[in-house]
Q: 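Here you go, one structure.
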Amino acid sequence: MIKEKIVDGAHNAPHRSLYKALGLTKEELDRPLIGIVSSYNEIVPGHMNLDKITEAVRLGVAMAGGTPIMFPAIAVCDGIAMGHVGMKYSLVTRDLIADSTEAMVMAHGFDGLVMIPNCDKNVPGLLMAAARLNIPTVFVSGGPMLAGRVDGKKRSLSAMFEAVGSYKAGVIDEGKLCEYENKACPTCGSCSGMYTANSMNCLTEVLGMGLRGNGTVPAVYSARIELAKHAGMQVMDLVRKNIRPRDIMTKEAIRNAITADMALGCSTNSMLHLPAIANECGVDFDLDDVNRISEVTPNLCHLAPAGPTYMEDLNEAGGVYAVLKELDKIGLLDTSVMTCTGKTMAENIADAYNRDTNTIRTIENPYSKTGGIAVLKGNLAPDGCVVKRSAVAPEMLVHEGPAKVYESEEEAIAAIYAGKIVKGDVVVIRYEGPAGGPGMREMLSPTSAIAGMGLDKDVALITDGRFSGATRGASIGHVSPEAVSGGIIAYVKDGDIISINIPEYKIELKVSCEEIEKRKAEMPIKKKENITGYLKRYAKMVSSADKGAIINR
């Protein structure tokens, strides 16, 4: 055990004296020390209940014979950070979370870990840390928010952002906007659709790092407290058996996660986070594999924003395991992989079944024969770009139109609200990539404005930034190489014709090679001035989006 290097023996008496300063007894020091990494705070709605989850985990660890010791991890609320400089500080926290967790664990000698994340970047950040540290670990999230209700229909945060667009367009009045504001987010938890937080919590189950229900049991259900206690107990079983994260998050498990991603219709952000997690596991991740898996994986779920169902509905339908059971009918998964239950995936899903074929379509009756995410390539994105295909209207799967080019998210939003975007346009937002932003901001505000104005079936949006899982429509992000690295997106001009063909995985700027070379000589790359602090370091070290926006160490 790691603890033996720090606690046992006469030479470690000074260390024991400091542990005893915490009030720990000899009996507690004789047991495995289990770090509980909690991202509880009072600013993120998905984290305000994590104090209760943490206490439940502590009880579970103690009941199973371990000594629980909590330390914190940070978390940013993407919704609150959206649409302003705060969004530059969202993706970048993923590495802060992984690095700081590594530092705490290596300094203090834990024998096992229970990770308690919930929202967008601290789920993958802690998965990266788990792989890097490679000591027995279980995840338990805070759970999803219940859907709100407006006009008798379920609503969520994406409806709230779209309501702003509707208000700006004169479709709804201030009173209706206020009603959305008061009702869209009714409880604690990660926002209620298949957005990034819920996508990653569900994929944590598929990766084998979270117990059944981790991704879907609502935050306000008592079953979430039970799940937390079981996570605390289960980590002790992993410690005894010495089952570690890299025994679980294998190449096969990551491939399973991509497959489940396609069936669930997860956020495009998973195409940043799964490569970063794979990198920490020492597993190669090829974006081209995403399309190969998508080609054979039916899309079974249309959760908000793609459709009218929500995380609570997925939970009632049987959760992630029910989706895996459908996929296993045609052999799309490697169910021999080990999981944090100490059992294989095959053993875990043996008694799972689909309780609601409206929420989880059967494998025989999918929404589409191909998966929810597509990677497009072409001269505009030779290294790839990503779209949530399952949230694109059928009439926008193939589109060709003139570019309207903006150098930042703020410029684009101003143009949209000013009525400068018309049917058929392709909005291009550049210099928002991992290094160029820096921080690769989410573009929920412009996409929601377009949807709220009723243009989501007529207008495409392309960016070297990224999109929230709450985005719907022909929203294509992660364009690689990004503008600041000399990607072709830096040389697009207003009026250029851009061709998008999602079924064929193609995106093309219809400008000659000779003209592009001419523009390269005439159009200098724009680098943002006055970048300071952590963002300055991040911009210098971060990789391109197609590599997962990882820090190049």
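The structure displayed is predicted, hence computed values, not measured ones. What's counted below: heavy atoms across the whole structure, side chains too, no hydrogens, waters or symmetry copies.
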Q: Let me see the working for F161 and Y180 under ring pair (Phe, Tyr, Trp, His ring centres under 6.0 Å), right down to the final yes or no.
A: CA-CA 9 Å; F161 275 90; Y180 271 92; over 10 Å; no
Q: Just jot down the ring pair (Phe, Tyr, Trp, His ring centres under 6.0 Å) partners of H302, sequence neighbours excluded, or say none.
A: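 Ring pair (Phe, Tyr, Trp, His ring centres under 6.0 Å) check on H302 returns Y367.
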Q: Please check this pair: side chain of E409 against backbone of I429, looking for a donor-acceptor N/O pair closer than 3.5 Å.
A: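 Not at all, since once roles are kept as given, no pair shorter than 3.5 Å links the two residues.
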Q: Between R244 and N242, do the side chains contain an N or O donor and an N or O acceptor separated by less than 3.5 Å?
A: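 Short answer, yes.
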Q: So, using salt bridge (Lys or Arg N to Asp or Glu O under 4.0 Å) as the criterion, who are the partners of K183 when residues are at least two apart?
A: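 Salt bridge (Lys or Arg N to Asp or Glu O under 4.0 Å) list for K183, sorted by chain: E179.
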Q: Give me each pair satisfying side chain to side chain donor-acceptor pair (under 3.5 Å) with a member in residues 57-77, each pair once, sequence neighbours excluded.
A: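 For residues 57-77: none.
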Q: Examine distances only and state if a side-chain atom of E205 and a backbone atom of G213 form a donor-acceptor pair shorter than 3.5 Å.
A: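 It does hold such a pair.
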Q: Could I get the full list of side-chain contact (heavy atoms from CB on, under 4.5 Å) partners for S475, not counting sequence neighbours?
A: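 If we apply the side-chain contact (heavy atoms from CB on, under 4.5 Å) test to S475, skipping adjacent residues, the hits are T447, F467, T471.
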Q: Please report the interatomic distance CD1(I551) to NZ(K540), rounded to the nearest 0.5 Å.
A: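 Going from the CD1 atom of I551 to the NZ atom of K540 covers 13.0 Å.
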Q: Decide whether N552 and S543 meet the rule of one side-chain donor and one side-chain acceptor closer than 3.5 Å.
A: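 Their side chains do not contain a donor-acceptor pair, so the 3.5 Å distance test is not met.
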Q: Could you work out, with side-chain contact (heavy atoms from CB on, under 4.5 Å) as the rule, every residue matching A451, not counting sequence neighbours?
A: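 In terms of side-chain contact (heavy atoms from CB on, under 4.5 Å), with neighbours along the sequence ignored, A451 is linked to E162, D456, R472.
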Q: Using a strict cut-off of less than 4.0 Å between a Lys/Arg side-chain nitrogen and an Asp/Glu carboxylate oxygen, indicate whether E312 and K154 qualify as a salt bridge.
A: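 Counted as a salt bridge, because a side-chain N and a carboxylate O are separated by less than 4.0 Å.
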Q: Go through the structure and list residues passing salt bridge (Lys or Arg N to Asp or Glu O under 4.0 Å) with E410, not counting sequence neighbours.
A: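 So E410 forms a salt bridge (Lys or Arg N to Asp or Glu O under 4.0 Å) with R441.
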Q: So, K88 side chain and M440 main chain: donor-acceptor pair closer than 3.5 Å or not?
A: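 Here the side-chain-to-backbone pair does not exist.
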Q: So, D284 and K251, do they make that salt bridge, N to O below 4.0 Å?
A: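 Not counted as a salt bridge, because no side-chain N and carboxylate O are separated by less than 4.0 Å.
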Q: Show every salt bridge (Lys or Arg N to Asp or Glu O under 4.0 Å) that has at least one partner inside residues 37-54, sequence neighbours left out.
A: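 Every candidate salt bridge (Lys or Arg N to Asp or Glu O under 4.0 Å) pair involving residues 37-54 fails, so no pair, neighbours aside, qualifies.
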Q: Holding to ring pair (Phe, Tyr, Trp, His ring centres under 6.0 Å), I want the full list of residues that pass it with Y534, two or more places apart in sequence or in another chain.
A: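 Per chain and number, Y534 pairs via ring pair (Phe, Tyr, Trp, His ring centres under 6.0 Å) with no residue.
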Q: Go through the side-chain N and O atoms of S141 and R224 and say whether any donor and acceptor fall under 3.5 Å apart.
A: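 There is such a pair (donor and acceptor under 3.5 Å, judged by atom type) between the side chains of S141 and R224.
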Q: Run the salt bridge (Lys or Arg N to Asp or Glu O under 4.0 Å) test against K241 and tell me which residues pass, sequence neighbours left out.
A: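 K241: salt bridge (Lys or Arg N to Asp or Glu O under 4.0 Å) contacts with D237.
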Q: Suppose we screen for side-chain contact (heavy atoms from CB on, under 4.5 Å). Which residues come up paired with N49, at least two apart in sequence or across chains?
A: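 Applying side-chain contact (heavy atoms from CB on, under 4.5 Å) to N49 gives I53, C188, A219.
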Q: Taking side-chain contact (heavy atoms from CB on, under 4.5 Å) as the definition, give me every residue that meets it alongside A278, ordered by chain and number, with sequence neighbours left out.
A: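 Once residues adjacent in sequence are excluded, the partners of A278 under the side-chain contact (heavy atoms from CB on, under 4.5 Å) criterion are I254, V283, F285.
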Q: Distance-only criterion, 3.5 Å: show the donor-acceptor pairs between side-chain atoms of residues 117-131 and protein atoms not counting sequence neighbours.
A:
residue	atom	partner	partner atom	Å
N118	OD1	G142	N	3.0
N118	OD1	G143	N	3.0
N118	OD1	N201	ND2	3.3
N118	ND2	G46	O	2.8
N118	ND2	G143	O	3.1
K121	NZ	D78	OD2	2.7
K121	NZ	S90	OG	3.3
N122	OD1	C119	N	3.0
N122	ND2	S39	OG	2.7

